[in-house]
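Since this is a predicted model, take the numbers as computed values, not measurements. Labels below follow one simple rule: chain letters A, B, ... track the order of the sequence lines, proteins then strands, and each chain is numbered from 1.
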2 protein chains.
Amino acid sequence: MARTAGSHSDITGPRVRAAALKLFARQGFAAVSMREIAREVGVQAGALYNYTADKQSLLFDLMQSHLDSLLAAFEDDPTAAPEARLRQFVQFHIRFHHDRPDAVFIAYMELRNLTPENFARIEALRRRYEDRLETILKAGVAEGSFAVTDTKIATMAVIAMLTGVSTWFRSAGRLSLDEVQEQYWQMVRKAVSAPAIHHVS
Amino acid sequence: MARTAGSHSDITGPRVRAAALKLFARQGFAAVSMREIAREVGVQAGALYNYTADKQSLLFDLMQSHLDSLLAAFEDDPTAAPEARLRQFVQFHIRFHHDRPDAVFIAYMELRNLTPENFARIEALRRRYEDRLETILKAGVAEGSFAVTDTKIATMAVIAMLTGVSTWFRSAGRLSLDEVQEQYWQMVRKAVSAPAIHHVS
DNA sequence: GTCTATATTTTGATAGAC
DNA sequence: GTCTATCAAAATATAGAC
């Protein structure tokens with residue numbers, strides 16, 4: 001049935017966000033028109049402005065929601081061993097990003113299209129997440145189980161490596177996500193670990 | 001002095017490419033208009049079409065040139081030890097990408113904006129580069145100095161890690177590029193190396 | 001809350017003068 | 001080889017009817 005003037009739907013707001021997420025991820029923010037988003041939702045373009053002030057706010061809200069849920073979802077246990085905490089981070093990061101490919105893509109590709117004010121707010125959230133990892137690396141260095149010259153560099157290196165999974169991993173491929181998680185964990189573990197001390201018997 | 005009709009310049013072609021490179025990297029392909037490129041060059045929009053068939057060709061040419069020079073610049077010595085070859089790759093990749101931030105950015109961010117045919121050609125070039133690294137990893141696994149479960153995964157992990165340098169490294173920062181190269185090399189080396197065999201004396 | 005209609009800009013690309 | 005002028009299409013956002 002065709003949608004007509006006066007129709008209502010309490011879930012149009014979320015559907016606008018879902019349509020924008022999908023289209024921004026697929027074509028890029030600048031290449032998507034408000035009319036395309038409206039068509040995906042099933043309304044006319046003018047109706048979108050009941051749910052967003054403008055196109056920029058739509059982008060910002062999607063990024064902010066993504067980073068908010070990223071920060072909320074990662075659970076770290078400061079009393080656990082650094083190696084166990086790092087393993088948890090690696091597995092969490094891969095899994096969380098794998099479950100939200102569109103949001104991840106937008107969060108990394110559309111930073112340029114944020115206004116300076118919105119960019120600063122998103123970057124602050126991203127830094128908070130990076131700090132969670134760096135805290136773990138610092139703990140490992142402090143107790144001697146990790147050996148990295150600079151924890152900030154190691155943080156960026158690990159996150160870049162893990163996030164890169166989304167550029168090539170496909171569920172239909174030859175490897176399961178569990179296998180991928182395990183292999184990345186082994187590489188990360190070796191990359192940051194101190195050489196074991198071998199006692200001569 | 002204002003440019004007038006009939007002015008000539010034999011280097012307008014390269015300047016069009018340079019302007020497009022800069023603007024595409026800064027704002028994204030879809031957000032840059034032909035008029036903006038023309039303004040950056042100092043000509044009118046119509047004049048651009050003496051140097052490119054259309055906007056898409058401009059993007060494709062920039063990506064292809066970048067990957068061609070990447071492939072031409074990396075020198076690998078198949079007779080050297082795998083660890084030495086890998087070290088050379090790591091240092092080369094970081095340096096080469098650091099020297100061309102705009103081209104790197106475009107090559108990774110604008111794949112969506114290529115036509116399917118152009119996308120396939122660019123992806124083929126990228127895969128050739130990845131294969132250069134995988135060849136090194138396979139050699140190391142074959143001789144026992146490297147221990148990675150899957151060389152394809154390790155290839156993607158290493159390249160993602162190294163390319164990520166461009167997202168945070170600034171020459172004016174507290175670290176020199178030499179220091180960054182050395183620390184990434186240590187992490188990559190440890191990540192792929194087989195544990196040393198410790199002889200009991 | 002959604003529609004239709006529209007204002008105002010801007011876009012990629014082309015034609016023809018010089 | 002570059003200019004000016006222009007076409008046809010598409011963009012964001014708003015106004016007002018229902």
Hey, mind stepping through Asp76(B) and Phe89(B) against side chain to side chain contact (heavy atoms under 4.5 Å, CB included) and telling me if it holds? CA-CA 8 Å; Asp76(B) 183 28; Phe89(B) 180 90; over 6 Å; no
CD1 of Ile11(A) versus P of dT2(C): gap in Å, rounded? 11 Å
Rounding to a whole Å, what distance do you find between Tyr49(B):OH and dT4(D):P? 17 Å
Calculate the interatomic distance between Leu23(B) atom CG and dG12(C) atom P; express it in whole Å. 12 Å
Counting only side-chain N and O atoms of Gln44(A), is one of them less than 4.0 Å from OP1 or OP2 of dT2(C)? no
Heavy-atom nearest nucleotide on DNA chain D for Gly46(A) versus Ala45(B): which residue maps closer to 5'? Ala45(B)
Give the nucleotide from the list dC3(D), dG1(D), dA11(D) with an atom nearest to the side chain of Asn50(B). dG1(D)
With the side chain of Ser33(B) defined as its heavy atoms from C-beta on, choose the nearest nucleotide among dG1(C), dG1(D), dG12(C). dG12(C)
Whole angstroms only, please: what is the CG-P distance between Leu48(A) and dG1(C)? 13 Å
Is the NZ or CZ atom of Arg100(B) positioned over Phe96(B)'s six-membered ring, under 6.0 angstrom from the centre and within 45° of the axis? yes
What nucleotide, of dA13(C), dT2(D), dC3(C), holds the atom closest to the side chain of Lys55(B)? dA13(C)
Taking CE from Met34(B) and P from dT2(D), how many angstroms apart are they, rounded to a whole number? 14 Å
Are Tyr108(B) and Tyr108(A) an aromatic pair by the rule of ring centers under 6.0 Å? no
dG1(D) phosphate, OP1 or OP2: any side-chain N/O from Tyr51(B) under 4.0 angstrom? no
CZ of Arg35(B) versus P of dA10(D): gap in Å, rounded? 16 Å
Can you tell me if the side-chain N/O atoms of Thr12(B) get under 4.0 Å from OP1 or OP2 in dG1(D)? no
Can you confirm whether Lys138(B) is buried at NZ, in the sense that more than 12 heavy atoms of other residues, nucleotides or ligands lie under 6.0 Å from that atom? no
Once you round it to whole Å, what is the distance between C1' of dA13(C) and CD1 of Ile37(B)? 13 Å
Side-chain contact check for Asp54(A): nearest option of dA13(C), dA13(D), dT2(C) is dA13(D)
Could you go through Ser176(B) and Asp178(B), starting from their C-alpha distance and side-chain angles, then the distance that decides it, and tell me whether this counts as side chain to side chain donor-acceptor pair (under 3.5 Å)? CA-CA 5 Å; Ser176(B) 71; Asp178(B) 281 349; 5.2 Å; no
